[in-house]
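Here's the structure, in structure tokens; my notes come after.
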Amino acid sequence: MNAVPYELPSRKARRLWFFISGIALALFILMAALEVNPLGLFTQFHHIADLADRMFPPNIAVLQDRQIWASVLETLAVATMGTIGGCLVGLLAGLLAASNTTPHPGIRLAVRGAMAVERAITAIFILMILLIALGIGPFASAVTLIFSTIGMFGRLFADAIERAEPQPCESMAATGATRLQIIAFGVLPQVVPALLGLSLYAFEVNVRAAIALGLFGGGGLGFQLHVANSGLRYHDVLGYAIISLLLVSSIERISDQARKRLLNSPTTTT
Amino acid sequence: MIAGYSAPRQFLWRLSAIGGLALALVWAAGLCEFQWKGLADSALRVLEILRGFFPPDWSAAEEILPEAAKTLLLASAATLIGSVLSVPIGLAGARNIAPPWLRLPVRLLLGLERATPDVLLLLFFVVAFGLGSFAGILTLGLSSVAMLGKLMADAIEEADPHVAESVRATGADFSQTIRYGVIPEVLPALVSNTMFRFDYNIRSTIILGAVGAGGLGQEILFSISRTNYERATLAALATLVLIVTAEQVGNSLRQRWMRDLRK
């Protein structure tokens, strides 16, 4: 038997306290560097009460406003555009970036590198450039989302494609199938459920992002929120906030359900 | 044969799925005012505008460095807060630990927070507390707590119950059972979730910064609205360095800690 190095309980406890005080110290230093007083949450709590006072009750009348439903649809359209466009290009990029489908390892590295760079460029910067070039509105938002979807989900697609079992492809190769045939009938059928599941997730992410980008001039619900907020119409702000919360959570629920059915349905897994 | 499988049904299913997607695309493109015809012109215009963004204005480095530091600090503080608070909240939200009167409200609040987009939360906090780090830290901290707390609760529910049972069998009381039977089981999940969240928080801080939390996001927004494009490029480069470094450091830390924890 190997002797397991045994630590004295007192020493273990000392190490635990050392760890805990280290975290506390780190938090203290971070707060000091940011000039944030965490106690402000309690001493200045009246600000939150104030805000609640100004916002309540939410303006229910916004629900009857045609404009707001148009902007909800606009937000959904931006997210749809970003998801479908981004996932289609992302699938192509993913195929180029997966080790088992790429035409050349060099291409794989180049595409993966490009996607990593895209992920590291903040969406705000991309959106701002597109707003200048294309004008304020949902178009710039949609293109921004297409880019960010390619960067993030193209990589996830590539990882999913790399997880495909090699055996079916090998047996296809043995029958004389070409490379494209192997990809289309050997690799893709294995990974389609994973790719569709990821795409549904992309849609969830993009609905949230579409609201956020709207605040900066990307149109839709976010823009309405921004306008109401800068006009100090706080009852409206709360009304819009409730709408966006309902939108986000219902999209999440629908996509959850769809994902579950997708993974159980025999027609898609074959 | 797989039960329920039939080739014509599969074909119809695929056809309708592709048709539905195409319809959705056409509808969405219409609503987004997608300029298919002018797409090439638009691309040219983007390239032309991009020319104005180069070269980056290196002389602004002195002013941008503190903003980058602020973004990093904000993300770290929020991650630390989220990570520390996720343990008690995870315990309070786990089916096998907490009674329903505690677990259900905790789970409900966590779900509500996660459904709220971060920018919305920040908008509220900025109205309440003004622009700056405080509103930023509140928003990011809350959203980190909500996500890490939920993941923690799930991890605790999935943890091997035999470990806690055998600790209890030695005569340990409730807090000892948690300390020695539950926490060590979920520590690897906590570490890896925390590193994931740190990465997420860096990106998120930049977007939130533009809404009013300060840091690099604000720098980019302000530089561009003052048509100081070269300066914005430098700030964007700083975000690039920050995100890539955070990813690399996070990955290597995670690997090292996970190895230590498995021992």
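In what follows, chains carry the letters A, B, and so on, assigned in the order in which the sequence lines appear, proteins first and then strands, with residues in each chain numbered from 1. Side-chain atoms are counted along with the backbone in the values below, which use heavy atoms only and exclude waters and symmetry mates.
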Return the option, out of [options], with the maximum number of heavy-atom pairs under 4.5 Å with chain B.
options                               : result
A:Val117, A:Ile211, A:Leu73, A:Leu225 : A:Leu73
A:Ala33, A:Gly137, A:Ala120, A:Ala123 : A:Ala120
A:Ala212, A:Ala133, A:Ser249          : A:Ala133

Given that the side chain runs from C-beta out, which part of [X] has a heavy atom under 4.5 Å from chain A: side chain, backbone, both or neither?
X        : result
B:Leu240 : both
B:Leu73  : both
B:Leu138 : side chain
B:Ser83  : neither

Below 4.5 Å from any heavy atom of chain B, which atoms of [X] appear? Answer side chain, backbone, both or neither.
X        : result
A:Leu134 : both
A:Asp50  : neither
A:Ile132 : both

Top of [options] for chain A proximity - count of heavy-atom pairs under 4.5 angstrom:
options                               : value
B:Leu237, B:Leu221, B:Asp118          : B:Leu221
B:Leu216, B:Leu50, B:Val84, B:Leu74   : B:Leu74
B:Gly209, B:Gly217, B:Ser133, B:Ala17 : B:Ser133
B:Leu80, B:Leu21, B:Ile220            : B:Leu80
B:Leu123, B:Val244, B:Val241          : B:Leu123

Quick one: side chains of residues 76-91 of chain A, donor-acceptor pairs under 3.5 Å with protein atoms, not counting sequence neighbours, listed by atom name and distance.
unit_1, atom_1, unit_2, atom_2, d
A:Thr80, OG1, A:Leu76, O, 2.6
A:Thr83, OG1, A:Ala79, O, 2.6
A:Thr83, OG1, A:Asn206, ND2, 3.0

Any idea which heavy atoms bring A:Pro189 and A:Pro193 closest together, and the distance?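 Nearest heavy atoms, A:Pro189 then A:Pro193: O-CD, 3.9 Å.
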Show the nearest heavy-atom pair for residues A:Gly222 and A:Thr75, with the distance to one decimal.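 Minimum heavy-atom contact is N-OG1, 4.5 Å.
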Taking side chain as C-beta onward, heavy atoms only, is B:Thr239 less than 4.5 Å from A:Phe125?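 Side-chain contact under 4.5 Å: no.
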Do B:Pro184 and B:Leu187 make a side-chain contact, defined as non-hydrogen atoms from C-beta onward lying under 4.5 Å apart?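 They are not in side-chain contact.
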Could you tell me which residues in residues 198-207 of chain B have at least one non-hydrogen atom under 4.5 Å from a non-hydrogen atom of chain A, sorted by residue number?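 Those residues of residues 198-207 of chain B which have a heavy atom under 4.5 Å from chain A are B:Arg203, B:Ile206, B:Ile207.
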Under a 3.5 Å distance rule, please check whether [X] uses its side chain to pair with a backbone N or O of [Y] as donor and acceptor.
X        : Y        : answer
A:Glu74  : A:Gly220 : yes
B:Ser223 : B:Arg231 : no
B:Glu230 : B:Pro56  : no

Salt bridge or not between A:Arg259 and A:Glu204? Use side-chain N to carboxylate O under 4.0 Å.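 Yes, A:Arg259 and A:Glu204 are salt-bridged.
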Among residues 230-242 of chain A, which residues come closer than 4.5 Å to chain B, judged by heavy atom distances?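 Result: A:Tyr234, A:Val237, A:Leu238, A:Ala241.
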Take B:Thr79 and B:Thr194 through the test side-chain contact (heavy atoms from CB on, under 4.5 Å) and record every step on the way to the result. CA-CA 7 Å; B:Thr79 311; B:Thr194 302; 3.8 Å; yes
Relative to each other, are the rings of B:Tyr229 and B:Phe53 parallel, tilted or perpendicular (30° and 60° limits)?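 Correct class here is parallel.
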Take A:Arg112 and A:Asp159 through the test salt bridge (charged side-chain N to carboxylate O under 4.0 Å, His left out) and record every step on the way to the result. CA-CA 11 Å; A:Arg112 278 195 180 253; A:Asp159 291 346; 3.1 Å; yes
Distance, nearest 0.5 Å, that separates [atom1] of [X] from [atom2] of [Y]:
X        : Y        : atom1 : atom2 : value
B:Glu48  : B:Arg51  : CD    : CZ    : 6.0 Å
A:Thr149 : A:Phe203 : OG1   : CZ    : 11.0 Å
B:Ile18  : B:Trp13  : CD1   : CH2   : 10.0 Å

Run the numbers on A:Met152 and A:Glu118 for side-chain contact (heavy atoms from CB on, under 4.5 Å), then give the verdict. CA-CA 8 Å; A:Met152 184 177 172; A:Glu118 197 292 319; over 6 Å; no
Checking A:Glu252 now: which residues fulfil side chain to side chain donor-acceptor pair (under 3.5 Å) with it, not counting sequence neighbours?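 With sequence neighbours excluded, A:Glu252 shows a side chain to side chain donor-acceptor pair (under 3.5 Å) to A:Arg208, given in chain and number order.
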